[in-house]
Engineer: 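Take this structure first; my questions come after.
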Amino acid sequence: MFFTNPAFKETLKRTNRPLAPKKWYYSEVTPLCSKNQVEVRRQKVPGSSCTQELQALFGCLKKWEFDDLPCSKLHGEYMRCVEASEKAAEKFKQGARQGILGEGSSSLSTAQFNKIMQLYPQPDMGNSQRRMKRLPTQSYADDLFGRKNTKKPN
Amino acid sequence: MMPPLMASLRSSISGIRMMSQTSVALAHHSRLKPEKITCMKSDESPVFYRDHVVDKLVRVILKDGKKEIARNAVYDALEIIKRRQYKQWAKAKEDEKSTIELNPFVVANTAIRNCRPLMKLQGVTRGAVTYQVPFPIEESEAEFRAMKMMREVCRQKAKHGETHLKDILATELLAASKNEGLTIQAKQELHKTCEANRAFAHYRG
């Protein structure tokens, strides 16, 4: 709000700046609401890295000045851990793809979530109340919501 | 000699080739039924002294498809190893003679086994920066990398004046079997860089 008219400002006499602040309009291009489905994306496997074994291996290497032969036992443990984590990752991927519900990790995979929403879909989801539609009685020619005016969308 | 007679009797009586578990594990793959029947490679003839590590080394050293040259170089290197080890054995004292390994295939196997790296460095790009991340490595790939390191070292040595690949390879294999030499050094350098980059191990996967 302006207490004195900004037209009286000395600085504005030399510039072409507009007086009032710029108005930003929200245009609802896609409906502003949730959906009953989530897009399936690549998911990270929870807890799949073998950092402890790796750090132990590095400690052994440092101790023996990077001479390999005394550290073969720790290397074997690390490789076993890696294989186990790979198997667990495969299993998780299979389960996540199928979306089997039941006892699993605390986080839901996208397929599991989609399955739940399929069982219990929320009514009237995905319809924006604000999105204006042309009624059958209204003509196509009328610019009802000012969409043809690029400066001021609905 | 009883065992061969018994084996021949067994096969003649049953009519089926019966192989014990140990002989299956040690047999050449030409004597076992494969999952998928394909033609054998030209250098995989069923000879008793066929060695997997030596064959793989020949393939790694191979250049321009000249298999004969590569194979002769490796076999000559093995012969040189045998000659040098025998000379050492002849000169050695009685109690030290058992420690010297005369079989060149065993020497080559131990050399490649000692040169095997424990992990590899792979580039992972996060936010326009490529980090060298230590990754675990499989046995076959570790073997290949050991052989490749050895090949590069041999080529460097050839550049610096040593002429024949058989001599260079023989010295490298002998040194590596004793955990010395430039190939072992290269492997330890790799491990050092892996250890330096251990903080990036979280970028794996």
Side-chain angles (χ1 to χ4, degrees), chain A residues 39-99 104-112, chain B residues 99 101 106-107 109-122 124-126 131-143 145-147 149-150 175-205:
Chain A
E39 279 167 29
V40 177
R41 269 192 222 124
R42 194 200 119 179
Q43 278 198 301
K44 286 188 188 174
V45 183
S48 65
S49 60
C50 305
T51 35
Q52 290 248 337
E53 276 85 356
L54 184 63
Q55 300 304 332
L57 178 60
F58 278 135
C60 171
L61 277 178
K62 222 173 176 169
K63 180 182 156 194
W64 288 99
E65 290 178 1
F66 300 97
D67 181 19
D68 247 25
L69 308 177
C71 305
S72 55
K73 203 171 170 188
L74 284 167
H75 176 62
E77 277 177 26
Y78 176 59
M79 292 315 286
R80 257 173 274 138
C81 172
V82 163
E83 277 169 41
S85 64
E86 268 179 24
K87 274 190 199 159
E90 261 306 311
K91 210 173 167 185
F92 177 82
K93 271 189 191 169
Q94 291 293 322
R97 226 179 288 147
Q98 286 165 18
S105 58
S106 55
S107 59
L108 281 174
S109 71
T110 47
Q112 282 172 325
Chain B
T99 57
E101 182 54 59
V106 173
V107 169
N109 278 18
T110 42
I112 299 295
R113 209 181 322 125
N114 290 350
C115 288
R116 278 199 305 214
L118 299 179
M119 57 199 82
K120 64 177 173 182
L121 283 172
Q122 216 170 315
V124 172
T125 315
R126 292 287 165 96
Y131 301 102
Q132 292 297 313
V133 176
F135 270 75
I137 202 174
E138 284 165 39
E139 268 193 47
S140 55
E141 195 183 344
E143 215 174 31
R145 274 175 197 263
M147 292 180 189
M149 277 198 275
M150 191 165 279
S177 66
K178 291 172 206 154
N179 217 18
E180 299 160 355
L182 292 171
T183 323
I184 297 283
Q185 211 177 13
K187 179 200 72 166
Q188 285 175 356
E189 291 292 326
L190 174 66
H191 286 161
K192 277 181 198 164
T193 43
C194 287
E195 204 269 332
N197 289 7
R198 68 208 264 182
F200 301 140
H202 293 279
Y203 291 163
R204 190 164 71 83

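All values reported here derive from a predicted model rather than from experimental measurement. In the text below, chain A, chain B and the rest are named by the order of the sequence lines, each starting its count at 1.
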Engineer: Under 3.5 Å, which donor-acceptor pairs link chain A to chain B? Give each pair on its own line with the distance.
Structural biologist:
unit_1: Q55(A); atom_1: OE1; unit_2: R198(B); atom_2: NE; d: 3.0
unit_1: Q55(A); atom_1: OE1; unit_2: R198(B); atom_2: NH2; d: 3.0
unit_1: F66(A); atom_1: O; unit_2: Q188(B); atom_2: NE2; d: 3.4
unit_1: D67(A); atom_1: OD1; unit_2: N179(B); atom_2: ND2; d: 2.9
unit_1: D68(A); atom_1: OD1; unit_2: H191(B); atom_2: ND1; d: 3.2
unit_1: D68(A); atom_1: OD2; unit_2: K187(B); atom_2: NZ; d: 3.3

Engineer: Between CG of L54(A) and CE of M119(B), what distance do you get to the nearest 0.5 Å?
Structural biologist: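 So the CG of L54(A) and the CE of M119(B) are separated by 5.5 Å.
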Engineer: Check each atom of I184(B) against the heavy atoms of chain A and say whether the ones under 4.5 Å are side chain, backbone, both or neither.
Structural biologist: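 Contact with chain A: none, neither part.
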